[in-house]
Peer 1: 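Submitted below is the structure of interest, expressed as C-alpha coordinates.
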Amino acid sequence: MSNNQKKKMTPIQQEYQDFENERETKRPIIGNCVKAFFVGGCICLVGQGIQMFYIYFFNFTDQTAGNPTVATLIFISMLLTGFGFYDRIAQFGGAGSAVPVTGFGNAVISAAIEHRTEGYVLGVGGNMFKLAGSVILFGVFAAFVIATIKTILIQWGGL
Amino acid sequence: MLTGHRTWVFERKPVILTTGTVGGPFEANGEIPEDFDILHSDLWLEQDSYEKAHKVLMEEACQTAIEKAGLQKEQIQFFLGGDLINQITPTSFATKTLGAPYLGLFGACSTSMEGLALSAFLVNGQGANYILTGSSSHNTAVEKQFRYPTEYGGQKPPTAQWTVTGAGVALLSDKGEGPFVTSATIGRIVDMGMTDPFNMGGAMAPAAVDTIEAHLKERDLDPSYYDLIVTGDLGHIGREVSLDLFQKHGIPIKEENYKDCGLMIYREGQPVLAGASGSGCSATVVYGHLLNRMKKGEFKRMLVVATGALLSPVTFQQNETIPCIAHAVSIEYGGEN
(Lines give C-alpha, C1' and ligand atoms only; values in the text may rest on other atoms or scores of the structure.)
Protein backbone atom coordinates (compact mmCIF):
# COMPACT_ATOMS: atom_id res chain seq x y z
CA MET A 1 0.00 0.00 0.00
CA SER A 2 2.68 2.47 -0.98
CA ASN A 3 0.27 4.94 -2.55
CA ASN A 4 -1.65 5.47 0.69
CA GLN A 5 0.01 8.78 1.28
CA LYS A 6 -1.18 10.13 -2.04
CA LYS A 7 -4.82 9.45 -1.32
CA LYS A 8 -6.97 11.11 1.24
CA MET A 9 -7.80 8.42 3.75
CA THR A 10 -10.01 8.89 6.72
CA PRO A 11 -8.37 8.00 10.06
CA ILE A 12 -10.63 4.92 10.30
CA GLN A 13 -9.54 3.69 6.87
CA GLN A 14 -5.92 4.36 7.73
CA GLU A 15 -6.24 2.52 11.01
CA TYR A 16 -7.90 -0.48 9.37
CA GLN A 17 -5.28 -0.65 6.64
CA ASP A 18 -2.49 -0.76 9.20
CA PHE A 19 -4.47 -3.37 11.14
CA GLU A 20 -4.99 -5.46 7.98
CA ASN A 21 -1.42 -5.02 6.84
CA GLU A 22 -0.11 -6.68 10.00
CA ARG A 23 -2.21 -9.76 9.22
CA GLU A 24 -1.54 -9.96 5.50
CA THR A 25 0.66 -12.75 4.15
CA LYS A 26 3.57 -10.99 2.53
CA ARG A 27 5.17 -11.91 -0.74
CA PRO A 28 8.35 -13.86 0.12
CA ILE A 29 10.59 -11.33 -1.63
CA ILE A 30 13.98 -12.94 -0.97
CA GLY A 31 12.68 -16.41 -1.86
CA ASN A 32 11.06 -15.02 -5.00
CA CYS A 33 14.31 -13.30 -6.00
CA VAL A 34 16.29 -16.52 -5.61
CA LYS A 35 13.69 -18.50 -7.62
CA ALA A 36 13.56 -15.78 -10.28
CA PHE A 37 17.37 -15.82 -10.52
CA PHE A 38 17.49 -19.56 -11.15
CA VAL A 39 14.42 -19.82 -13.41
CA GLY A 40 15.55 -16.81 -15.44
CA GLY A 41 19.08 -18.25 -15.51
CA CYS A 42 17.80 -21.60 -16.78
CA ILE A 43 15.85 -19.94 -19.60
CA CYS A 44 18.93 -17.95 -20.58
CA LEU A 45 21.04 -21.11 -20.45
CA VAL A 46 18.65 -22.80 -22.87
CA GLY A 47 18.84 -19.69 -25.06
CA GLN A 48 22.63 -19.82 -24.96
CA GLY A 49 22.53 -23.48 -25.96
CA ILE A 50 20.27 -22.70 -28.91
CA GLN A 51 22.56 -19.88 -29.99
CA MET A 52 25.61 -22.18 -29.88
CA PHE A 53 23.64 -24.73 -31.88
CA TYR A 54 22.96 -22.19 -34.63
CA ILE A 55 26.58 -21.03 -34.65
CA TYR A 56 28.10 -24.54 -34.77
CA PHE A 57 25.70 -26.29 -37.09
CA PHE A 58 24.61 -23.43 -39.38
CA ASN A 59 26.45 -20.48 -40.84
CA PHE A 60 25.56 -17.99 -38.13
CA THR A 61 27.92 -15.68 -36.31
CA ASP A 62 27.65 -14.22 -32.79
CA GLN A 63 25.91 -11.17 -34.28
CA THR A 64 23.48 -12.95 -36.59
CA ALA A 65 22.53 -15.90 -34.33
CA GLY A 66 20.38 -13.60 -32.14
CA ASN A 67 17.29 -13.54 -34.36
CA PRO A 68 16.82 -17.29 -34.90
CA THR A 69 17.56 -17.88 -31.21
CA VAL A 70 14.83 -15.46 -30.12
CA ALA A 71 12.41 -16.96 -32.64
CA THR A 72 13.10 -20.47 -31.32
CA LEU A 73 12.63 -19.39 -27.70
CA ILE A 74 9.34 -17.71 -28.55
CA PHE A 75 8.25 -20.87 -30.36
CA ILE A 76 9.02 -22.99 -27.28
CA SER A 77 7.21 -20.43 -25.11
CA MET A 78 4.21 -20.67 -27.45
CA LEU A 79 4.08 -24.44 -27.08
CA LEU A 80 4.39 -24.28 -23.30
CA THR A 81 1.65 -21.61 -23.12
CA GLY A 82 -0.66 -23.57 -25.39
CA PHE A 83 -0.22 -26.72 -23.33
CA GLY A 84 -1.02 -24.76 -20.19
CA PHE A 85 2.40 -25.13 -18.63
CA TYR A 86 3.94 -21.67 -18.80
CA ASP A 87 1.66 -20.10 -16.18
CA ARG A 88 2.75 -22.77 -13.71
CA ILE A 89 6.42 -22.05 -14.35
CA ALA A 90 5.58 -18.36 -13.90
CA GLN A 91 3.81 -18.84 -10.58
CA PHE A 92 7.02 -20.44 -9.34
CA GLY A 93 9.58 -18.36 -11.19
CA GLY A 94 7.94 -14.91 -11.13
CA ALA A 95 10.14 -12.30 -12.77
CA GLY A 96 12.52 -15.07 -13.86
CA SER A 97 10.03 -16.22 -16.48
CA ALA A 98 8.44 -12.81 -17.15
CA VAL A 99 11.55 -10.79 -18.05
CA PRO A 100 13.17 -12.99 -20.77
CA VAL A 101 11.71 -12.93 -24.29
CA THR A 102 9.70 -16.07 -23.46
CA GLY A 103 7.62 -13.99 -21.02
CA PHE A 104 6.90 -11.50 -23.77
CA GLY A 105 5.87 -14.33 -26.07
CA ASN A 106 3.64 -15.75 -23.36
CA ALA A 107 1.89 -12.38 -22.90
CA VAL A 108 1.04 -12.20 -26.62
CA ILE A 109 0.11 -15.85 -27.07
CA SER A 110 -1.99 -16.19 -23.91
CA ALA A 111 -4.09 -13.17 -24.93
CA ALA A 112 -4.51 -14.59 -28.44
CA ILE A 113 -5.67 -17.97 -27.09
CA GLU A 114 -7.99 -16.33 -24.56
CA HIS A 115 -9.89 -14.24 -27.10
CA ARG A 116 -10.11 -16.89 -29.82
CA THR A 117 -13.79 -17.34 -28.93
CA GLU A 118 -14.56 -13.78 -30.08
CA GLY A 119 -13.34 -14.51 -33.61
CA TYR A 120 -10.09 -13.90 -35.48
CA VAL A 121 -10.48 -10.20 -36.24
CA LEU A 122 -12.14 -8.71 -33.17
CA GLY A 123 -10.98 -11.42 -30.78
CA VAL A 124 -7.47 -12.58 -31.63
CA GLY A 125 -6.47 -9.53 -33.70
CA GLY A 126 -7.94 -6.96 -31.37
CA ASN A 127 -6.73 -8.44 -28.11
CA MET A 128 -3.44 -10.14 -28.96
CA PHE A 129 -1.37 -7.13 -27.89
CA LYS A 130 -3.57 -6.26 -24.92
CA LEU A 131 -0.77 -6.99 -22.48
CA ALA A 132 2.27 -6.75 -24.75
CA GLY A 133 1.12 -3.60 -26.53
CA SER A 134 2.33 -1.27 -23.81
CA VAL A 135 5.69 -3.08 -23.71
CA ILE A 136 6.09 -2.57 -27.46
CA LEU A 137 4.98 1.07 -27.32
CA PHE A 138 7.19 2.12 -24.44
CA GLY A 139 10.03 -0.13 -25.61
CA VAL A 140 10.08 1.56 -29.02
CA PHE A 141 9.74 4.99 -27.42
CA ALA A 142 12.58 4.30 -24.99
CA ALA A 143 14.76 3.09 -27.90
CA PHE A 144 13.92 6.28 -29.80
CA VAL A 145 14.93 8.48 -26.86
CA ILE A 146 18.18 6.62 -26.26
CA ALA A 147 19.03 6.64 -29.98
CA THR A 148 18.37 10.40 -30.09
CA ILE A 149 20.68 10.99 -27.13
CA LYS A 150 23.35 8.82 -28.73
CA THR A 151 23.06 10.66 -32.03
CA ILE A 152 23.34 14.04 -30.33
CA LEU A 153 26.39 12.93 -28.37
CA ILE A 154 28.09 11.56 -31.49
CA GLN A 155 27.24 14.54 -33.73
CA TRP A 156 27.93 17.36 -31.30
CA GLY A 157 29.60 15.81 -28.35
CA GLY A 158 32.50 14.49 -30.36
CA LEU A 159 32.27 10.92 -29.07
CA MET B 1 -41.09 -8.21 9.45
CA LEU B 2 -38.53 -5.45 9.74
CA THR B 3 -36.54 -5.69 12.93
CA GLY B 4 -34.16 -2.83 13.59
CA HIS B 5 -32.91 -0.94 10.56
CA ARG B 6 -32.04 -3.66 8.09
CA THR B 7 -33.00 -7.07 9.39
CA TRP B 8 -36.00 -9.06 8.26
CA VAL B 9 -37.39 -11.81 10.48
CA PHE B 10 -39.45 -14.27 8.47
CA GLU B 11 -42.31 -15.41 10.68
CA ARG B 12 -43.72 -17.72 7.98
CA LYS B 13 -40.35 -19.46 7.76
CA PRO B 14 -39.77 -20.04 4.05
CA VAL B 15 -38.41 -23.50 3.35
CA ILE B 16 -35.41 -24.46 1.25
CA LEU B 17 -37.15 -27.32 -0.54
CA THR B 18 -34.26 -28.59 -2.66
CA THR B 19 -30.95 -27.37 -3.98
CA GLY B 20 -28.87 -27.97 -7.07
CA THR B 21 -25.08 -27.68 -7.14
CA VAL B 22 -22.77 -28.07 -10.11
CA GLY B 23 -18.97 -27.96 -10.06
CA GLY B 24 -15.98 -28.15 -12.37
CA PRO B 25 -12.89 -30.38 -12.46
CA PHE B 26 -10.96 -28.42 -9.85
CA GLU B 27 -13.89 -28.73 -7.41
CA ALA B 28 -14.13 -32.47 -8.18
CA ASN B 29 -10.57 -32.81 -6.85
CA GLY B 30 -11.42 -30.70 -3.84
CA GLU B 31 -12.47 -31.40 -0.29
CA ILE B 32 -16.24 -31.85 -0.78
CA PRO B 33 -16.89 -33.51 -4.20
CA GLU B 34 -19.64 -35.74 -2.77
CA ASP B 35 -21.73 -32.66 -1.95
CA PHE B 36 -22.07 -31.65 -5.60
CA ASP B 37 -25.00 -32.96 -7.62
CA ILE B 38 -23.15 -32.74 -10.92
CA LEU B 39 -19.40 -32.51 -11.45
CA HIS B 40 -17.76 -31.83 -14.80
CA SER B 41 -14.37 -33.18 -15.79
CA ASP B 42 -13.96 -30.54 -18.49
CA LEU B 43 -13.79 -26.81 -17.86
CA TRP B 44 -15.41 -26.16 -21.27
CA LEU B 45 -18.50 -28.31 -20.44
CA GLU B 46 -18.48 -29.33 -24.12
CA GLN B 47 -19.22 -25.73 -25.15
CA ASP B 48 -17.15 -23.59 -27.48
CA SER B 49 -16.58 -20.73 -25.05
CA TYR B 50 -16.10 -20.32 -21.32
CA GLU B 51 -19.04 -17.94 -21.17
CA LYS B 52 -21.31 -20.58 -22.66
CA ALA B 53 -19.95 -23.13 -20.20
CA HIS B 54 -20.77 -20.65 -17.43
CA LYS B 55 -24.36 -20.48 -18.68
CA VAL B 56 -24.62 -24.29 -18.73
CA LEU B 57 -23.48 -24.46 -15.08
CA MET B 58 -26.43 -22.32 -14.09
CA GLU B 59 -28.90 -24.18 -16.32
CA GLU B 60 -27.92 -27.54 -14.87
CA ALA B 61 -28.11 -26.31 -11.28
CA CYS B 62 -31.63 -24.94 -11.85
CA GLN B 63 -32.74 -28.11 -13.58
CA THR B 64 -31.38 -30.31 -10.78
CA ALA B 65 -33.15 -28.33 -8.05
CA ILE B 66 -36.44 -28.46 -9.95
CA GLU B 67 -36.16 -32.20 -10.68
CA LYS B 68 -35.30 -33.03 -7.09
CA ALA B 69 -38.46 -31.27 -5.92
CA GLY B 70 -40.52 -33.23 -8.45
CA LEU B 71 -41.76 -30.03 -10.05
CA GLN B 72 -42.02 -28.80 -13.62
CA LYS B 73 -40.11 -25.68 -14.62
CA GLU B 74 -43.41 -23.95 -15.40
CA GLN B 75 -44.25 -24.11 -11.69
CA ILE B 76 -41.32 -21.86 -10.79
CA GLN B 77 -42.84 -18.45 -10.27
CA PHE B 78 -39.72 -16.33 -10.04
CA PHE B 79 -36.01 -16.73 -10.52
CA LEU B 80 -33.56 -14.44 -8.74
CA GLY B 81 -29.93 -14.90 -9.66
CA GLY B 82 -26.67 -13.41 -10.79
CA ASP B 83 -22.99 -13.92 -11.51
CA LEU B 84 -19.81 -11.91 -12.00
CA ILE B 85 -19.68 -11.49 -15.77
CA ASN B 86 -20.51 -8.16 -17.42
CA GLN B 87 -24.28 -7.57 -17.60
CA ILE B 88 -24.72 -10.96 -15.82
CA THR B 89 -25.24 -12.63 -19.20
CA PRO B 90 -24.65 -16.26 -18.11
CA THR B 91 -27.54 -16.05 -15.64
CA SER B 92 -29.82 -14.16 -18.00
CA PHE B 93 -29.08 -16.59 -20.84
CA ALA B 94 -29.68 -19.56 -18.54
CA THR B 95 -33.03 -18.05 -17.59
CA LYS B 96 -33.97 -18.06 -21.27
CA THR B 97 -34.04 -21.85 -21.02
CA LEU B 98 -35.86 -21.79 -17.69
CA GLY B 99 -38.56 -19.45 -18.91
CA ALA B 100 -39.50 -18.19 -15.44
CA PRO B 101 -40.09 -14.49 -14.60
CA TYR B 102 -36.63 -13.24 -13.73
CA LEU B 103 -34.94 -10.65 -11.55
CA GLY B 104 -31.21 -10.32 -12.26
CA LEU B 105 -29.04 -9.50 -9.27
CA PHE B 106 -25.51 -8.27 -8.90
CA GLY B 107 -23.81 -8.30 -5.54
CA ALA B 108 -20.48 -9.75 -6.73
CA CYS B 109 -19.71 -12.77 -4.53
CA SER B 110 -22.53 -11.86 -2.13
CA THR B 111 -25.18 -12.53 -4.82
CA SER B 112 -26.06 -15.95 -3.38
CA MET B 113 -27.30 -14.54 -0.07
CA GLU B 114 -28.73 -11.40 -1.67
CA GLY B 115 -30.91 -13.73 -3.74
CA LEU B 116 -31.81 -15.97 -0.80
CA ALA B 117 -32.75 -12.99 1.40
CA LEU B 118 -34.97 -11.45 -1.29
CA SER B 119 -36.55 -14.78 -2.21
CA ALA B 120 -37.33 -15.54 1.42
CA PHE B 121 -38.83 -12.08 1.74
CA LEU B 122 -41.06 -12.70 -1.30
CA VAL B 123 -42.18 -16.12 -0.08
CA ASN B 124 -42.72 -14.78 3.42
CA GLY B 125 -44.88 -11.98 2.03
CA GLN B 126 -46.88 -14.55 0.05
CA GLY B 127 -45.55 -13.14 -3.19
CA ALA B 128 -44.80 -16.62 -4.49
CA ASN B 129 -45.03 -20.31 -3.65
CA TYR B 130 -41.96 -21.48 -5.52
CA ILE B 131 -38.92 -19.30 -6.08
CA LEU B 132 -35.60 -20.35 -7.49
CA THR B 133 -32.51 -18.40 -6.45
CA GLY B 134 -28.83 -18.90 -6.99
CA SER B 135 -25.54 -17.67 -8.31
CA SER B 136 -22.62 -19.05 -10.23
CA SER B 137 -19.08 -18.34 -11.34
CA HIS B 138 -16.69 -19.92 -13.82
CA ASN B 139 -13.00 -19.71 -13.05
CA THR B 140 -11.66 -18.90 -16.50
CA ALA B 141 -14.58 -16.73 -17.64
CA VAL B 142 -14.19 -14.58 -14.51
CA GLU B 143 -10.38 -14.49 -14.67
CA LYS B 144 -10.63 -13.40 -18.30
CA GLN B 145 -12.78 -10.47 -17.32
CA PHE B 146 -11.20 -9.35 -14.07
CA ARG B 147 -7.55 -10.32 -14.43
CA TYR B 148 -5.17 -11.54 -17.09
CA PRO B 149 -5.65 -14.20 -19.77
CA THR B 150 -5.80 -17.66 -18.21
CA GLU B 151 -2.48 -18.85 -19.60
CA TYR B 152 -0.64 -15.60 -18.88
CA GLY B 153 2.36 -16.17 -16.64
CA GLY B 154 1.82 -13.58 -13.95
CA GLN B 155 2.89 -14.50 -10.43
CA LYS B 156 0.01 -14.18 -8.00
CA PRO B 157 0.72 -12.99 -4.46
CA PRO B 158 -0.12 -15.20 -1.45
CA THR B 159 -3.20 -13.05 -0.77
CA ALA B 160 -4.84 -13.94 -4.12
CA GLN B 161 -7.82 -16.31 -4.23
CA TRP B 162 -9.05 -18.93 -6.69
CA THR B 163 -12.40 -18.36 -8.42
CA VAL B 164 -14.72 -21.34 -8.05
CA THR B 165 -16.22 -22.99 -11.12
CA GLY B 166 -19.68 -23.83 -9.94
CA ALA B 167 -23.31 -22.93 -9.59
CA GLY B 168 -25.54 -23.30 -6.56
CA VAL B 169 -29.29 -22.90 -6.68
CA ALA B 170 -31.95 -23.21 -3.96
CA LEU B 171 -35.66 -23.75 -4.47
CA LEU B 172 -37.72 -21.92 -1.86
CA SER B 173 -41.29 -22.69 -0.95
CA ASP B 174 -43.83 -21.57 1.62
CA LYS B 175 -44.28 -25.07 3.02
CA GLY B 176 -42.13 -28.12 3.49
CA GLU B 177 -39.90 -30.04 5.87
CA GLY B 178 -37.06 -27.57 6.05
CA PRO B 179 -34.42 -26.23 6.41
CA PHE B 180 -36.03 -22.88 7.17
CA VAL B 181 -34.84 -19.41 6.33
CA THR B 182 -35.53 -17.49 9.51
CA SER B 183 -34.04 -14.04 9.07
CA ALA B 184 -31.82 -11.89 6.88
CA THR B 185 -29.73 -8.78 7.35
CA ILE B 186 -28.96 -6.67 4.31
CA GLY B 187 -25.45 -5.31 4.14
CA ARG B 188 -24.31 -1.82 3.42
CA ILE B 189 -21.25 -0.71 1.53
CA VAL B 190 -18.11 -0.68 3.63
CA ASP B 191 -15.07 0.86 1.97
CA MET B 192 -11.89 0.81 3.98
CA GLY B 193 -9.87 2.30 1.15
CA MET B 194 -8.25 -0.98 0.13
CA THR B 195 -7.03 -0.93 -3.46
CA ASP B 196 -5.35 -4.30 -4.06
CA PRO B 197 -7.56 -6.53 -6.25
CA PHE B 198 -5.34 -9.47 -5.26
CA ASN B 199 -6.36 -9.13 -1.64
CA MET B 200 -10.14 -9.38 -1.61
CA GLY B 201 -10.32 -11.10 1.77
CA GLY B 202 -8.62 -8.20 3.49
CA ALA B 203 -10.91 -5.71 1.74
CA MET B 204 -14.14 -7.60 2.48
CA ALA B 205 -13.53 -8.53 6.14
CA PRO B 206 -14.87 -5.21 7.58
CA ALA B 207 -18.10 -5.61 5.56
CA ALA B 208 -18.64 -9.10 6.99
CA VAL B 209 -17.96 -7.83 10.52
CA ASP B 210 -20.34 -4.89 10.02
CA THR B 211 -23.21 -7.11 8.84
CA ILE B 212 -22.71 -9.78 11.51
CA GLU B 213 -22.62 -7.16 14.26
CA ALA B 214 -25.76 -5.49 12.90
CA HIS B 215 -27.53 -8.85 12.66
CA LEU B 216 -26.72 -9.84 16.24
CA LYS B 217 -27.62 -6.40 17.57
CA GLU B 218 -30.90 -6.04 15.69
CA ARG B 219 -32.07 -9.55 16.53
CA ASP B 220 -30.72 -9.14 20.04
CA LEU B 221 -28.79 -12.41 19.88
CA ASP B 222 -25.59 -13.69 21.35
CA PRO B 223 -23.16 -15.20 18.79
CA SER B 224 -23.51 -18.53 20.63
CA TYR B 225 -27.12 -18.72 19.36
CA TYR B 226 -25.66 -19.92 16.07
CA ASP B 227 -23.89 -23.24 15.89
CA LEU B 228 -22.06 -21.97 12.87
CA ILE B 229 -21.35 -18.54 11.45
CA VAL B 230 -20.00 -18.98 7.96
CA THR B 231 -18.61 -16.28 5.68
CA GLY B 232 -18.64 -16.44 1.89
CA ASP B 233 -15.13 -16.08 0.58
CA LEU B 234 -12.87 -14.24 3.00
CA GLY B 235 -10.05 -16.76 2.70
CA HIS B 236 -7.25 -17.14 5.24
CA ILE B 237 -6.42 -13.46 5.51
CA GLY B 238 -9.96 -12.11 5.64
CA ARG B 239 -11.01 -14.70 8.22
CA GLU B 240 -8.10 -13.92 10.48
CA VAL B 241 -8.61 -10.17 10.13
CA SER B 242 -12.35 -10.42 10.86
CA LEU B 243 -11.76 -12.60 13.92
CA ASP B 244 -9.36 -10.01 15.28
CA LEU B 245 -11.90 -7.27 14.50
CA PHE B 246 -14.58 -9.14 16.50
CA GLN B 247 -12.16 -9.40 19.39
CA LYS B 248 -11.38 -5.71 19.14
CA HIS B 249 -15.09 -4.84 19.12
CA GLY B 250 -15.82 -7.19 22.01
CA ILE B 251 -18.06 -9.65 20.11
CA PRO B 252 -17.52 -13.12 21.61
CA ILE B 253 -17.41 -15.21 18.43
CA LYS B 254 -15.60 -18.50 18.91
CA GLU B 255 -12.99 -19.42 16.35
CA GLU B 256 -14.27 -23.00 15.99
CA ASN B 257 -17.80 -21.78 15.16
CA TYR B 258 -16.60 -19.25 12.61
CA LYS B 259 -15.86 -20.80 9.24
CA ASP B 260 -15.36 -19.65 5.68
CA CYS B 261 -16.78 -21.28 2.53
CA GLY B 262 -13.62 -20.27 0.67
CA LEU B 263 -11.60 -22.52 2.98
CA MET B 264 -13.96 -25.51 2.85
CA ILE B 265 -14.25 -26.27 -0.84
CA TYR B 266 -10.64 -27.13 -1.71
CA ARG B 267 -8.16 -29.61 -0.31
CA GLU B 268 -4.92 -28.76 1.36
CA GLY B 269 -2.31 -28.71 -1.38
CA GLN B 270 -4.46 -27.38 -4.21
CA PRO B 271 -2.79 -24.20 -5.50
CA VAL B 272 -5.47 -21.76 -4.34
CA LEU B 273 -3.22 -19.46 -2.27
CA ALA B 274 -5.47 -17.67 0.28
CA GLY B 275 -8.62 -19.70 -0.50
CA ALA B 276 -11.54 -19.83 -2.89
CA SER B 277 -13.72 -16.94 -4.07
CA GLY B 278 -16.38 -16.13 -6.64
CA SER B 279 -20.13 -15.99 -6.50
CA GLY B 280 -20.28 -19.76 -7.01
CA CYS B 281 -18.22 -20.32 -3.84
CA SER B 282 -20.75 -19.52 -1.13
CA ALA B 283 -23.61 -20.82 -3.31
CA THR B 284 -22.15 -24.30 -3.85
CA VAL B 285 -20.75 -24.73 -0.35
CA VAL B 286 -23.91 -23.56 1.44
CA TYR B 287 -26.47 -25.20 -0.84
CA GLY B 288 -24.44 -28.39 -1.10
CA HIS B 289 -22.06 -29.18 1.73
CA LEU B 290 -23.52 -27.14 4.60
CA LEU B 291 -27.20 -27.94 4.05
CA ASN B 292 -26.31 -31.64 3.75
CA ARG B 293 -24.51 -31.47 7.07
CA MET B 294 -27.42 -29.58 8.57
CA LYS B 295 -29.85 -32.26 7.40
CA LYS B 296 -27.64 -34.90 9.03
CA GLY B 297 -28.11 -33.00 12.27
CA GLU B 298 -24.52 -31.85 12.71
CA PHE B 299 -25.73 -28.35 13.56
CA LYS B 300 -29.09 -26.66 13.88
CA ARG B 301 -28.62 -22.97 13.31
CA MET B 302 -26.27 -21.25 10.94
CA LEU B 303 -25.73 -17.71 9.81
CA VAL B 304 -24.41 -17.43 6.27
CA VAL B 305 -22.66 -14.16 5.49
CA ALA B 306 -21.77 -13.90 1.81
CA THR B 307 -19.23 -11.19 1.09
CA GLY B 308 -18.76 -9.31 -2.15
CA ALA B 309 -16.16 -6.89 -3.52
CA LEU B 310 -17.94 -4.50 -5.86
CA LEU B 311 -15.09 -3.54 -8.12
CA SER B 312 -14.62 -3.69 -11.86
CA PRO B 313 -11.39 -3.85 -13.90
CA VAL B 314 -11.97 -0.24 -14.95
CA THR B 315 -12.40 1.16 -11.43
CA PHE B 316 -9.24 -0.66 -10.40
CA GLN B 317 -7.26 0.85 -13.28
CA GLN B 318 -8.59 4.28 -12.35
CA ASN B 319 -7.18 3.76 -8.84
CA GLU B 320 -10.55 3.67 -7.14
CA THR B 321 -10.83 1.89 -3.82
CA ILE B 322 -12.79 -1.36 -3.45
CA PRO B 323 -16.27 -1.00 -1.93
CA CYS B 324 -17.42 -4.20 -0.24
CA ILE B 325 -20.71 -5.61 0.97
CA ALA B 326 -21.98 -8.60 2.96
CA HIS B 327 -25.48 -10.03 3.31
CA ALA B 328 -26.40 -12.37 6.15
CA VAL B 329 -29.12 -15.02 6.10
CA SER B 330 -29.90 -17.35 8.98
CA ILE B 331 -30.92 -20.92 8.19
CA GLU B 332 -32.32 -23.25 10.86
CA TYR B 333 -33.24 -26.89 10.85
CA GLY B 334 -34.23 -29.18 13.67
CA GLY B 335 -34.14 -26.50 16.35
CA GLU B 336 -36.91 -26.06 18.89
CA ASN B 337 -38.58 -23.44 16.64
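Note on naming: letters A, B, ... go to the chains in the order of the sequence lines (proteins, then strands), and numbering restarts at 1 for each one.
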Peer 1: Only pairs of heavy atoms separated by less than 4.5 Å count here; which of B/Gly154, B/Pro206, B/Ser49 has the most with chain A?
Peer 2: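 Ranked by contacts with chain A, first place is B/Pro206.
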Peer 1: Under 4.0 Å between a side-chain nitrogen and a carboxylate oxygen: does that hold for B/Lys259 and B/Asp233?
Peer 2: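 No salt bridge links B/Lys259 with B/Asp233.
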Peer 1: Quick check on B/Pro271 against chain A: is it the side chain, the backbone, both or neither that has a heavy atom closer than 4.5 Å?
Peer 2: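 Interface part for B/Pro271: neither.
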Peer 1: Which atoms of A/Asn32 come close to chain B, meaning under 4.5 Å heavy atom to heavy atom: side chain ones, backbone ones, both, or neither?
Peer 2: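 Side chain of A/Asn32 only, per the 4.5 Å heavy-atom cut-off to chain B.
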Peer 1: So which part of B/Lys248 gets closer than 4.5 Å to some heavy atom of chain A, the side chain, the backbone, both or neither?
Peer 2: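 Contact with chain A is through the side chain of B/Lys248 alone.
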Peer 1: Chain B heavy atoms under 4.5 Å from A/Arg116: which part of the residue, side chain, backbone, both or neither?
Peer 2: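 Only the side chain of A/Arg116 comes within 4.5 Å of chain B.
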Peer 1: Using 30° and 60° as the class boundaries, would you call the ring planes of B/Tyr50 and B/His138 parallel, tilted or perpendicular?
Peer 2: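 It falls in the tilted class, 30° to 60°.
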Peer 1: Taking side chain as everything from C-beta outward and backbone as N, CA, C, O, which of these in A/Phe19 sits under 4.5 Å from a heavy atom of chain B? Side chain, backbone, both or neither.
Peer 2: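 When you check distances to chain B, only side chain atoms of A/Phe19 fall under 4.5 Å.
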Peer 1: Which bit of B/Leu273 is near chain A, if near means a heavy-atom gap under 4.5 Å: side chain, backbone, both or neither?
Peer 2: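 The side chain, not the backbone.
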Peer 1: Indicate the ring-plane relationship of A/Phe53 and A/Phe58, choosing parallel, tilted or perpendicular according to the 30° and 60° boundaries.
Peer 2: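 It falls in the perpendicular class, over 60°.
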Peer 1: So which of A/Ser110, A/Ala90, A/Gly103 has the biggest tally of heavy-atom pairs under 4.5 Å with chain B?
Peer 2: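 That would be A/Ser110.
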Peer 1: Output the option from A/Thr81, A/Thr10, A/Leu80 having the highest count of non-hydrogen pairs under 4.5 Å with chain B.
Peer 2: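 Of the options given, most contacts go to A/Thr81.
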Peer 1: Any luck finding a side-chain donor-acceptor pair between B/Asp191 and B/Thr321 under 3.5 Å?
Peer 2: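 There is such a pair between these side chains.
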Peer 1: Could you tell me whether B/Phe316 atom CZ has more than 12 heavy atoms of other residues or ligands within 6.0 Å of it?
Peer 2: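 Result for CZ/B/Phe316: open.
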Peer 1: Does the separation of the ring centres of B/Tyr152 and A/Tyr86 fall below 6.0 angstrom?
Peer 2: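 B/Tyr152 vs A/Tyr86: aromatic centres not under 6.0 Å.
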Peer 1: Check whether more than 12 heavy atoms from other residues, nucleotides or ligands sit under 6.0 Å from atom CD1 of A/Ile12, and answer yes or no.
Peer 2: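 Count not over threshold, so no.
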Peer 1: Given the options B/Lys156, B/His236, B/Gln155, which has more heavy-atom pairs under 4.5 Å with chain A than any of the others?
Peer 2: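 When all of B/Lys156, B/His236, B/Gln155 are compared, B/Gln155 has the most.
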Peer 1: Does the distance from a Lys or Arg side-chain N to an Asp or Glu carboxylate O, for A/Glu114 and A/Lys130, drop under 4.0 Å?
Peer 2: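 Salt bridge: no.
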Peer 1: Checking heavy atoms, do the side chain of A/Glu15, its backbone, both or neither come under 4.5 Å from chain B?
Peer 2: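 Contact with chain B involves the side chain of A/Glu15 alone.
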